[in-house]
Amino acid sequence: MELHKPVLYVGDLDMISDITVKDFDYFVDKRNRTFSPVFARMLPFLQGREWREKRAEISPTFSSGKLKTMLPLFLRTADNLSRFLGEEMTTTSAGAVNMKDAFGRYTMDNIASCSFGIDSNSFENRNTELTRQASAFFKKPGVYGKFRALCILFLPKWISGLLPDPYAEVKSFFSQVTEATIRNREATEATRHDFLQLLLETRNKSGRRCFSTDDIVTQSLLFFLAGYDTTANLLTFAACALATVPDCQERVHRELDATLDCHGGRLSYEAVSELCYLDRVLDETLRMYPSLFHMERICTRPYTLPGTDVTIPAGTIVQLPLLPVHRDARVYPEPLRFNPDRFLPEERQRRHPGAYRPFGAGPRGCLARRFALLEAKAALAAVLRDWRLEPGPGTTPPPLPLDTNTTIVSPRPDCCFLRVVSRHRQ
Ligand code: HEM
């Protein structure tokens, strides 16, 4: 039970697949745990028909053709990231670079550009209004935020509605930025390969825009929220794993050098696609550190668990483990050893298809899996083309200690420092 609500924790892999895929119609919804209207209209918090319609409208934004057009942007930002690492290394007194901070700048610049059409270059302009507003957006709720949440939970709406929303200023800032960008694009007829443009161009059958400007701001903020920390964490965990497992880093370097030699030294879409060992490094990183501890669904009508006579009532919260399955020794022998070869095709085939779910499962799974993986791959390819990573103070071989102050799986802040050493590629 969670307060007065029944919670069912399901560990059986077949049953998890039934709930998330086969019998999805009984489990379409998730809990809406937001305390601000700024979040309430975002895709992960919508329910039922409204969720289905919005998801269908947004999904084409992430098609492989569209992603391909975004790679040059990722690669430009990745070059800035790589330069930044070198500069940090020469100026820092700590003798090592805070990788979470560096990768956070990388994901922020990509999302700011893709979602809001802003060139933020947070590697050069460290304290812009954008970074200030973005930090406010990601800050954990303080005393006021917690007090307000309690009021919303326990007091009548008309009283809690009088309390100012701490996220209103952030929303207003991003609304102004988006409106200015839309006006500019309409006036100059300029287009870019980004989410903003795709959302602007999404039309219904009668040729009208599907997304109002307010809708666009909301979904763009969602991309920010969903994509900033998750991908920065993935990159930090991967970099720390490679720094502390030199054999794996050596293999990444060999693969990269060979691929660059075949592609005239350039990281093109084709070159990045050929980096199969790097794919496996990312897969193994997400196995050890999926961004969520568990997925959640709500049962929307009475459901009999397959193969049992147990019927769960509508309204039951269902939790489905991610990290515990990914680290289960019965599924992954020596689960705490970082071994990308677990993701060789033949090894994958040996496992239950539900044993690996870093992006969730079924129609409600992550919308941006390919976007996130391509973005992460571009960053690691550019960084490892130029640098060798070595452990800094506090960085341990996997498993890296986790931050206990966050709701998503994040590295403990003092364990994210690495030394970057030039590879002097000829
Ligand atoms: C390494 C990076 C990422 C990881 C590991 C990740 C993981 C996840 C997971 C586990 C879920 C819940 C799925 C479920 O309950 O079945 C989710 C949902 C979602 N993610 Fe991601 N995510 C990542 C990056 C992103 C990015 C970059 C975006 C957007 C630009 C994004 C957008 C979303 C959205 C919109 C949903 C909700 C889908 C829905 O309710 O229909 N994610 N993600």
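Ligands are counted one by one from 1 in listed order, and the atoms in each one are counted from 1 as well.
Contact annotation: for L222 versus ligand 1, heavy atoms closer than 4.0 Å belong to the side chain alone. Residue contacts with ligand 1 for A376 are absent, since no atom lies close enough (heavy atoms, distance under 4.0 Å). With a 4.0 Å heavy-atom cut-off, ligand 1 is reached by the side chain of M295 but not by its N, CA, C or O. Neither the backbone nor the side chain of E375 comes within contact range of ligand 1; no heavy atom lies under 4.0 Å. At a 4.0 Å heavy-atom cut-off, ligand 1 touches P358 through the backbone alone.
Any N or O atom pair closer than 3.5 Å counts here, and T230 shares no such pair with ligand 1. Below 3.5 Å of separation, one finds an N or O of A361 facing an N or O of ligand 1. Distances between N or O atoms of W51 and those of ligand 1 include at least one value under 3.5 Å. Ligand 1 has no nitrogen or oxygen under 3.5 angstrom from a nitrogen or oxygen of S291.
Assignment of E296 to the shell around ligand 1 is not supported, since no heavy atom sits closer than 4.0 Å. Under a 4.0 Å heavy-atom criterion, K30 is in contact with ligand 1.
Judged by a 6.0 Å distance limit and a 45° cone about the ring axis, R287 is positioned over the six-membered ring of Y332. Remark: R351 is positioned above the aromatic ring of F343, its terminal NZ or CZ atom under 6.0 angstrom from the ring centre and at most 45 degrees off the axis.
Taking a cut-off of under 4.0 Å to the non-hydrogen atoms of L292, the atoms of ligand 1 that pass are 10 (C).
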